[in-house]
Every structure is written in structure tokens, then in C-alpha cells.
Amino acid sequence: MNIIMLGAQGTGKGTVASAICEQTGMLQISTGDIFRKNISEKTPLGIEADKYISKGNLVPDEITVPMVEDRLTWDDAKNGVILDGFPRTIEQAKKLDEILNAKGEKIDLVINLVTPKDEIIDRMLTRRVCTNPDCKATYNVKLHPPIKEGICDKCGSPLKQRDDDSNPEAIKRRLEIYEEKTSPLVEYYKNKGVLRTETVSISINRMGKDVANDIVKDIKK
Ligand code: AMP
């Protein structure tokens, strides 16, 4: 089974994806996490990607698509994946269809997360991530803070704010790009009959883990 997480920044795609993976053993592939690991290790890919990411722009397809295509060939991706952060444009979605078609696979489910805009910005500003690139745990200082302030519950490494979350210009740019380039994917996958839209909001007391639990129940049925 192959799943895509769709939704603006800060809606909790990573949280929902990792909760589903924990319960099902599926593999989460987050393009943002792969880029951030490369940036922290100062690899040529990371140095190039950072030029775009730090400004809130999309990394060009010539870099992103082959990176995902390669990741999908790894052994651990054989039993299906949850793609978190890819595709982000119609072009990427079409490329993904081609890549999966060639392997006799397809996208089975697209989880589209929706959150009120004011909540989204607040969540991006209060998000903290583990600095250990092999851990990548995400927290929110208001909604789910770590037990010990500034320290990851899972691996004990320090937490930090993502560079692109602390830059108001980059936040604005990322949300603009989402509206312009990524939101058309909702219609694209709706037409394919695989879209499942879920609202995640403190105002209705429905958070990422609630969505993940419901989806896992349905997957297991
Ligand atoms: P994310 O962690 O998903 O918010 O991604 C962080 C940043 O990585 C984005 O703002 C983009 O600059 C870049 N990025 C992640 N996924 C993609 C993608 N599919 N296409 C282009 N750029 C991406």
C-alpha cells in the first residue's frame, strides 16, 4: 500500500505519518527530512537544497524527483510507503505515477489534512524538532511539549526550531507556494478517487494522533 500525506505546512503531516508507521510498520519517506539530514551533514545535495529551503522555495524537480525515485528502490520501501512532503506539484504527482506504474504499483490513499490558517502559523512558530537527524522527532511547545524542556523524549538530543520555521518571510512564502502549486493536488487525487480529507484542529479537539488512529483502524479492516 502506498499513501501520500497532503496538507499545508504545520497541519501535522509528519505526526500523522509517523503515528501510522508506528502502528503498521509502513515506511515514512519525508523529503523535508532527507533534505534536512543532507543539510546538517553538509553534503553536496544538502548545500544545493539549502539555497531554496532557507528562502521557503521548492527545491527543483531535477534534484527532488531522482532523490525520491532512488529512495523508493531501497529494500525497506518494498512493502509500501507513506510519502510525506512529496509530491508537492502536479508535475511531481505525474512523475510519481510514472515511477509507480513502472513497478506495477499505484497510490492507494491520499490523506489531505486541513487546519485553520491562524492555527497553522501558530503551530509552525511553536514547532520544535530533534537535532539528531536519525531521530527527527517533532514536538510543539504548546500542544505536545517534551517532558524535559528543550530535550528530545526519544533520544535525549537537544531540540531546535527549524530555520525555515523561525523566518516569517520563509513561512509566508511556503504557504503561498502551497496555495499556488500544491493545493491543486487535492483535485488531482479527488478525481482519482483516493482522497480522504481530515480536519486537524484544536478547536474541534481532533489532533494528528486521532486522525492516525482512525486511518489505521480503516486500513486494518
Ligand atoms: P517540509 O519538511 O515537508 O516542510 O519540507 C521543507 C522544505 O523542503 C520545503 O519548504 C521545500 O523547500 C523542500 N521540499 C520538501 N519536499 C519537497 C518537494 N517535494 N519538492 C520541492 N521541495 C521540497
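Fair warning: this is a prediction, and the values are worked out from it, not measured in the lab. Every number for a ligand or one of its atoms is a count from 1 in the order of the listing.
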How long is the span from the CG atom in Asn191 to the CD atom in Glu187, to the nearest 0.5 Å?
5.0 Å
Specify side chain, backbone, both or neither for Arg36, according to which of its non-hydrogen atoms lie closer than 4.0 Å to ligand 1.
side chain
Does Phe35 come within less than 4.0 Å of ligand 1, judged by its heavy atoms?
yes
Are any of the N or O atoms of Asp84 closer than 3.5 Å to those of ligand 1?
no
Applying a heavy-atom cut-off of 4.0 Å, say which part of Met124 lies close to ligand 1: side chain, backbone, both or neither.
neither
Tell me whether the count of non-hydrogen atoms from other residues, nucleotides or ligands lying under 6.0 Å of CG in Asn79 goes above 12.
no
Closest to atom 13 (C) of ligand 1 by heavy-atom distance, out of Leu58, Asp61, Ile53, Ile63, is Ile53
Treating Asp122 as the side-chain partner and Asp118 as the backbone partner, does any N or O pair qualify as donor plus acceptor under 3.5 Å?
no
In terms of atom number and element, which parts of ligand 1 are under 4.0 angstrom from non-hydrogen atoms of Phe86?
19 (N)
Among Arg174, Arg123, Arg36, Lys160, salt bridge (charged side-chain N to carboxylate O under 4.0 Å, His left out) partner for Asp165
Arg174
Looking only at non-hydrogen atoms, which of Arg88, Lys51, Arg174 approaches atom 5 (O) of ligand 1 most closely?
Arg88
Shortest protein heavy-atom distance from atom 20 (N) of ligand 1, along with the residue and atom involved:
Gln92 NE2, 3.0 Å
Criterion salt bridge (Lys or Arg N to Asp or Glu O under 4.0 Å) on Asp97 and Lys94, from CA distance to verdict
CA-CA 5 Å; Asp97 286 342; Lys94 288 184 175 159; over 6 Å; no
Does Asp164, backbone or side chain, put an N or O under 3.5 Å from an N or O of ligand 1?
no
Backbone N or O of Ile147 within a donor-acceptor pair of the Asp153 side chain at under 3.5 Å?
yes
Of the side chain and backbone of Thr64, name the one, both, or neither that has a heavy atom under 4.0 Å from an atom of ligand 1.
side chain
Report all side-chain donor-acceptor pairs from residues 176-183 shorter than 3.5 Å, counting only partners two or more places apart or in another chain.
unit_1: Glu176; atom_1: OE1; unit_2: Arg173; atom_2: NH1; d: 3.3
unit_1: Thr182; atom_1: OG1; unit_2: Arg88; atom_2: O; d: 2.7
unit_1: Ser183; atom_1: OG; unit_2: Glu179; atom_2: O; d: 2.5

When distances are taken from atom 22 (N) of ligand 1, the protein heavy atom at minimum range is Val59 N, 3.0 Å
Enumerate the side chain to side chain donor-acceptor pair (under 3.5 Å) contacts for residues 143-152, please, sequence neighbours excluded, ordered by first and then second residue.
none
Could you check atom 19 (N) of ligand 1 against the protein and tell me its nearest heavy-atom contact, residue, atom and distance included?
Gly85 O, 2.9 Å
Can you tell me if Arg162 has a non-hydrogen atom under 4.0 Å from ligand 1?
yes
Single hit among Thr197, Thr11, Thr199 for side-chain hydrogen bond (donor to acceptor under 3.5 Å, both in side chains) with Asn112
Thr197
Which one holds for Asn57 and ligand 1: side chain close, backbone close, both close, or neither close, with close meaning a heavy atom under 4.0 Å?
backbone
Are side-chain N/O atoms of Ser201 and Glu119 paired as donor and acceptor at under 3.5 Å?
yes
Are any of the N/O atoms in Gly32 less than 3.5 Å from those in ligand 1?
no
